[in-house]
Amino acid sequence: MSSVTWRNVFTYNKYTQIAARAVRQSLKESERVTAEKRGLTALRYQQWENGQGGQQVHLNPPQEK
Amino acid sequence: MLARRTLGRIASQPPVGAAPAGARNMATLREIELRLKSVRNIEKITKSMKMIASTKLAKAQRAMQAGKQYGVANSEVFQNAPAEEPAKRKLFIVISSDKGLCGGIHSSVTKATRRTFADKEAGIDADSPIMVIGDKSKAQLSRALPKNLVMTFNQIGRDIPTFADAAGVADLIIKSGVKYDGIAIVYNKFVSAISYEAAIMEVQTEDVLKSAPGFKAYEMEDDVTKDLAEFSLANAIYATLVESHACEQSARRNAMDNASKNATDMIGKLQMQYNRGRQAAITNELVDIITGASAL
């Protein structure tokens, strides 16, 4: 078995998200559209320090068209 | 005696600057008409919001039934490998949402968190970190427990929460490097379509799992245990997110339903008042005309 080095780079959740994205993109057209919706996330987060909020950061920056 | 009579005379004169009595009634009629129009608009809006919330509730409930299984799968491992001693420094993840007009959803989770912090028996560290999902609870907790806030998330809950949302949140929590012995997720539990209650779901960390005596029976490698801890955090967050979302839709539907009922009551009362006022004005005019006619 190849040495599993992905654990040094990202977490298991990121690993599953990448694998899921690959599976979704490989589906047949009709199933792909419904599956894509399950992978959407518009999450934004903000670090807090001493009762003060920091900048709001997009987890997946929206693509500029 | 003289003073009392003078007082009586002053009281019987109308106050300076008041419009004549007839004009005041007409102005009141206009006011009632304006209020009636605005309450009717509000009733239309709340009724349509209630319809939207009902359709969203049906979809959210189906997603909740499916999503709860993730939380159940987690709890099986934790039940077979319970922690030996309760955690002192817990990470609290508070689940709410960004939108309002949904009754007491946000304040219910905020109150549950504050109660747990104030409770001496539970023995939680006073500087336990808190992470909040949703702007409404963020505002409430940033006023109540500002020092404990570590990270906040928003833009979740516009639509049914996806596992991608939960995995993203879990990822950020783990990467943030915050220290904790256990995790407590504060969310709203769906009791029925008209009621919900705040509840806490406990998730164990990797270290606690490894030291738990029951866990040896699983015979897992360290790497895989780390994966399991991360994945069960994402599972728990997903299960609580969908359940809270369903509670929010049902609370919004109930709140808008009550608002529509109140608006309908107000319209009935205002309409009665308006009609009475209108008839009184007409009667007064008739009386004026008739007395004037009889004098000629």
Side-chain angles (χ1 to χ4, degrees), chain A, chain B residues 63 66 98 127 129-135 138-139 141-178 206 221-235 237-238 241:
Chain A
M1 283 290 279
S2 63
S3 62
V4 191
T5 53
W6 61 261
R7 288 212 178 88
N8 302 334
V9 186
F10 43 70
T11 60
Y12 179 69
N13 288 320
K14 188 91 185 130
Y15 175 71
T16 45
Q17 291 299 303
I18 294 173
R21 195 180 63 197
V23 171
R24 273 184 223 122
Q25 282 171 346
S26 66
L27 286 175
K28 212 162 34 168
E29 189 58 39
S30 51
E31 270 93 36
R32 193 174 64 79
V33 174
T34 39
E36 284 295 324
K37 294 208 194 88
R38 289 197 284 267
L40 287 176
T41 170
L43 188 55
R44 277 193 330 180
Y45 66 96
Q46 202 184 9
Q47 306 269 18
W48 281 67
E49 198 76 42
N50 249 336
Q52 292 297 322
Q55 267 292 82
Q56 297 253 4
V57 183
H58 274 99
L59 186 61
N60 300 324
Q63 275 129 356
E64 302 295 318
K65 285 285 159 81
Chain B
D98 301 339
D127 61 346
I130 301 181
M131 294 190 184
V132 188
I133 300 182
D135 285 332
K138 171 178 91 179
L141 279 172
S142 70
R143 264 177 282 131
L145 299 160
K147 300 286 179 222
N148 303 58
L149 269 188
V150 179
M151 207 166 17
T152 58
F153 308 87
N154 52 16
Q155 309 293 331
I156 294 187
R158 281 163 163 224
D159 207 351
I160 313 257
T162 58
F163 194 80
D165 289 327
V169 172
D171 228 11
L172 282 166
I173 294 179
I174 293 167
K175 275 202 286 216
S176 73
V178 180
E206 181 197 349
E221 298 168 22
D222 277 352
D223 276 348
V224 188
T225 311
K226 182 151 105 70
D227 288 346
L228 175 67
E230 292 166 3
F231 188 56
S232 43
L233 177 60
N235 267 350
I237 295 179
Y238 179 63
L241 268 177

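Just so you know, these numbers use all the heavy atoms, side chains as well, and skip hydrogens, waters and symmetry mates. Reminder, nothing fancy here: chain letters follow the sequence lines and each chain counts from 1.
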Does some side-chain heavy atom of [Y] sit less than 4.5 Å from a side-chain heavy atom of [X]?
X      : Y      : value
B:K175 : A:F10  : no
A:W48  : B:P146 : no
B:Q155 : A:H58  : no

**Study point:** Choice from B:M151, B:K226, B:R158 maximising heavy atom contacts with chain A below 4.5 Å
**Key:** B:M151

Practice item. Just give me the residue among B:I174, B:L228, B:I156, B:L172 that pairs up with chain A most often, heavy atom to heavy atom, under 4.5 Å. Key: B:L172

Practice item. Could you tell me which of A:E49, A:Q47, A:Q46 has the largest number of non-hydrogen atom pairs under 4.5 Å with chain B? Key: A:Q46

Checking heavy atoms, do the side chain of [X], its backbone, both or neither come under 4.5 Å from chain A?
X      : value
B:D223 : both
B:V169 : both
B:L149 : both

Exercise for review: Please check if the side chain of A:N13 supplies one atom and the backbone of B:E230 the other of a donor-acceptor pair under 3.5 Å.
Suggested key: yes

Once rounded to the nearest 0.5 Å, what's the spacing between atom [atom1] of [X] and atom [atom2] of [Y]?
X      : Y     : atom1 : atom2 : answer
B:I173 : A:T11 : CD1   : OG1   : 11.0 Å
B:F153 : A:Y45 : CZ    : OH    : 9.0 Å
B:D165 : A:L40 : CG    : CG    : 9.0 Å
B:F163 : A:T41 : CZ    : OG1   : 12.0 Å

Check your understanding: Checking A:R38 against chain B: side chain, backbone, both or neither under 4.5 Å from a heavy atom?
Key -> backbone

Review point. Any chance CD of B:E221 has more than 12 other-residue heavy atoms, nucleotides or ligands included, within less than 6.0 Å?
Key: no

Revision key, fill the gap. For B:A164 and A:G39, the nearest pair of non-hydrogen atoms, with its separation, is CB-O, 3.7 Å

Review point. Looking only at heavy atoms, what is the nearest atom pair of A:K37 and B:T162, with distance?
Key: O-CG2, 3.8 Å

Review point. Would you call A:R7 and B:D227 a salt bridge, using N to O less than 4.0 angstrom?
Key: yes

Exercise for review: Could you please spell out the steps behind the side-chain hydrogen bond (donor to acceptor under 3.5 Å, both in side chains) verdict for B:N154 and A:Q56?
Suggested key: CA-CA 9 Å; B:N154 52 16; A:Q56 297 253 4; 3.3 Å; yes

